[in-house]
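Computed from a prediction, not measured in an experiment: that's the story for all the values here. Note on naming: letters A, B, ... go to the chains in the order of the sequence lines (proteins, then strands), and numbering restarts at 1 for each one.
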Number of protein chains: 2
Amino acid sequence: MDYTTNYAAAKHLVAVDCIVFGFDNEDLKILLVRRPIEPQKGDWSLMGGFVQQGESLDDASKRVLYTLTGLTDVYLEQLYTFGDVHRDPVDRVISVAYYALIKINDYDREIVRRNGAQWFKVSNYPRLIFDHDQMVQTAISKLRRKCRTQPIGFELLPEKFTIPQLQSLYEAILMQPLDKRNFRKKILSMNLLDKLDEKDKENSKKGAYLYRFNREKYETLTSNGFSFEI
Amino acid sequence: MDYTTNYAAAKHLVAVDCIVFGFDNEDLKILLVRRPIEPQKGDWSLMGGFVQQGESLDDASKRVLYTLTGLTDVYLEQLYTFGDVHRDPVDRVISVAYYALIKINDYDREIVRRNGAQWFKVSNYPRLIFDHDQMVQTAISKLRRKCRTQPIGFELLPEKFTIPQLQSLYEAILMQPLDKRNFRKKILSMNLLDKLDEKDKENSKKGAYLYRFNREKYETLTSNGFSFEI
DNA sequence: GTCAGATATTGTCGAAATTACAATTATTTG
DNA sequence: CAAATAATTGTAATTTCGACAATATCTGAC
C-alpha cells in the first residue's frame with residue numbers, strides 16, 4: 001500500500017466467501033447455504049464472513065470453511081477479489097473469494113445440516129445472491145484450467161480411488177468425455193500413482209484396482225523438471 | 001459476503017498496488033517509485049494508493065496507474081490480494097495487487113519523472129518495501145504462465161513489431177532462448193498477424209518486416225475453438 | 001563498387017506425443 | 001451356465017515438436 005495520493009484513507013468492510021467443491025463420483029458439486037439474515041434472507045448464497053481485526057485473509061477463509069464443514073487442512077486457495085461498489089446493495093463490502101476442494105464425505109454432516117447447507121451440481125444450481133454466481137463461474141473456470149496442469153483433482157477424491165473414478169472426475173470438471181485407453185495410459189505414464197492390492201467392487205462386478213496419489217513422487221519429479229499435464 | 005458469524009464487523013484500510021511491466025526490446029522491466037513518506041521514506045516500492053469510498057477496486061487501480069504514468073486504456077488485471085496482518089508494519093492494510101502491461105514509450109515521461117519513478121530489469125531490481133517483492137514475483141509468475149496461452153505479449157510491444165522483436169520479448173519473459181525457425185513457424189501458423197509492407201531498419205541492416213496483431217482474427221478463431229499457444 | 005558485417009528469412013527430417021479405435025477379462029446375478 | 005456389466009489392454013495413423021544451417025538483404029567502410 002502507499003500514501004502517495006491526496007485522498008484521505010477510507011476504511012471498508014472486507015469479507016471472504018468460499019466456493020466449496022465436491023465430487024460424488026458423478027457430478028462436480030458446490031456447497032451452498034441459505035442466507036440467514038436480511039436482506040434476501042433465505043436465498044441461496046456462498047458461505048462467507050467478515051475479516052476480523054488481526055485476522056489474515058487466509059485465516060478468515062479457513063475459519064469460514066471450518067464453520068461450514070468442520071474441516072481443517074483442506075485445499076483452499078484464493079480466487080479473486082470482488083470490489084464493485086454496489087455488489088452488496090446495502091453496504092459497501094469488498095469480498096475476497098476462496099475456493100476449496102474437499103472430499104465430499106469428509107465433512108461433518110451435522111454442522112452442515114445446522115447451517116442449512118446443500119450440495120448442488122455445478123451444471124444446475126439455484127440463483128445466488130449478489131455477485132455470488134459470478135464467483136462460482138470464476139471458480140469453475142479456474143478449476144478447469146488448473147486441474148490440467150496441477151495434480152489438484154486428487155483433493156476431490158478419497159485417499160484410495162480407481163482409474164475410472166479419476167477419469168469421471170476429469171470428465172465432470174472439463175465437461176467432456178475422455179477416451180478410456182488414452183486416459184489410463186497418460187495418467188499411469190506419469191508414475192504418480194501407487195497401485196494397491198485392493199479392488200473397489202462397489203461400482204462394477206469385475207472390480208477396479210485402487211490407486212493412491214504419491215505426493216513425494218510428484219515433488220521429486222517436479223523438482224527434476226517434470227510437469228503434470230492432462 | 002455474509003453475516004453468519006458471531007463476530008462483529010471490522011473495517012479495514014484497503015489499498016491497491018500496481019506492478020507495471022514494460023519491454024525495451026532487450027529486457028522485461030518494472031516501474032518502481034520512491035516511497036514519499038515515512039516509514040521507509042525514500043525506499044523503492046510499487047505505486048499504490050488507498051481504495052476510496054465509492055471507488056471500485058478496478059477504478060482504484062486505474063487511478064493509481066494514471067497517476068503514475070498518465071495512461072488510460074492499458075492492459076490491467078487483478079493479480080492477488082495480500083492480507084497478512086503485519087504486512088505493513090504500521091497499519092493493518094489489505095492490498096489488492098494489479099499488474100499492467102504497457103508499451104514502454106507510451107507513458108508520459110514528465111509525470112513519471114515527477115513521481116521519481118524508474119524502470120528496472122526484473123532480473124535485477126532493488127529491495128522493495130513490505131511484501132512488494134512477493135507481489136512482483138507473483139506477477140512475473142502469472143505473466144510467464146499467461147503469456148503462453150493468451151495473446152497478451154502484444155500489449156508490451158508497439159502497434160507494429162517484427163518477428164525477432166516478438167521473439168526476444170518471449171525470451172525475456174520466459175527467460176529461455178527460443179529457436180528462430182520454430183518460433184516464426186509457430187507464431188505465423190496461427191494466422192493472427194498481419195504482415196505489413198514496411199520494414200523496420202533500426203535493428204538490422206537487412207531490415208525486418210513489420211507485423212500487426214489482428215484482434216478480430218483472434219476472436220473469430222477463438223470462438224471456433226482455437227487456442228493460442230506458444 | 002566491392003567486400004565485410006550483421007541480422008532476417010526459410011525447410012527438412014527424425015522423434016515424440018496424440019488420437020482414434022475394439023476385443024478380452026473378471027465378476028455377479030438370474 | 002448364460003447374460004450383463006464394467007475394467008483392462010495395444011496398435012497404427014496422424015500430428016506436433018525439436019533440432020539443425022544455409023542463403024538473402026542491406027549498410028557502411030574501404
Within the 4.0 Å limit for protein heavy atoms, which parts of nucleotides 8-21 of chain C are touched? Write it as a string from 5' to 3', B for base, S for sugar-phosphate only, - for none. BBBBB-----SBBB
From NZ of K205(A) across to C1' of dC1(D) the rounded distance in Å is 14 Å
Side chains of R127(B) and W44(B): closer than 4.5 Å at any heavy-atom pair? no
Grab the CZ-P distance between F183(A) and dA7(D) for me, whole Å please. 13 Å
State, with a plain yes or no, whether a side-chain heavy atom of L210(A) is found less than 4.5 Å away from one of K199(A). no
Can you measure from SG (C147(B)) to OH (Y170(B)) and round to the nearest 0.5 angstrom? 5.5 Å
Quick check with a 6.0 Å cut-off and a 45 degree axis cone: is R181(A) positioned over the face of F183(A)'s six-membered ring? no
Tell me: CG of L210(A) to C1' of dA7(D), nearest whole Å? 13 Å
Quick one: are V33(A) and L46(A) in side-chain contact, heavy atoms under 4.5 Å? no
Rounded to the Å, how far apart are L166(B) CG and dT7(C) C1'? 17 Å
What salt bridge (charged side-chain N to carboxylate O under 4.0 Å, His left out) pairs are there with at least one residue in residues 183-196 of chain B, not counting sequence neighbours? D194(B)-K217(B)
Just the rounded figure in Å: distance from C1' of dA26(C) to CG of D200(A). 14 Å
I187(B) CD1 to dT16(D) P, straight-line distance once rounded to whole Å: 16 Å
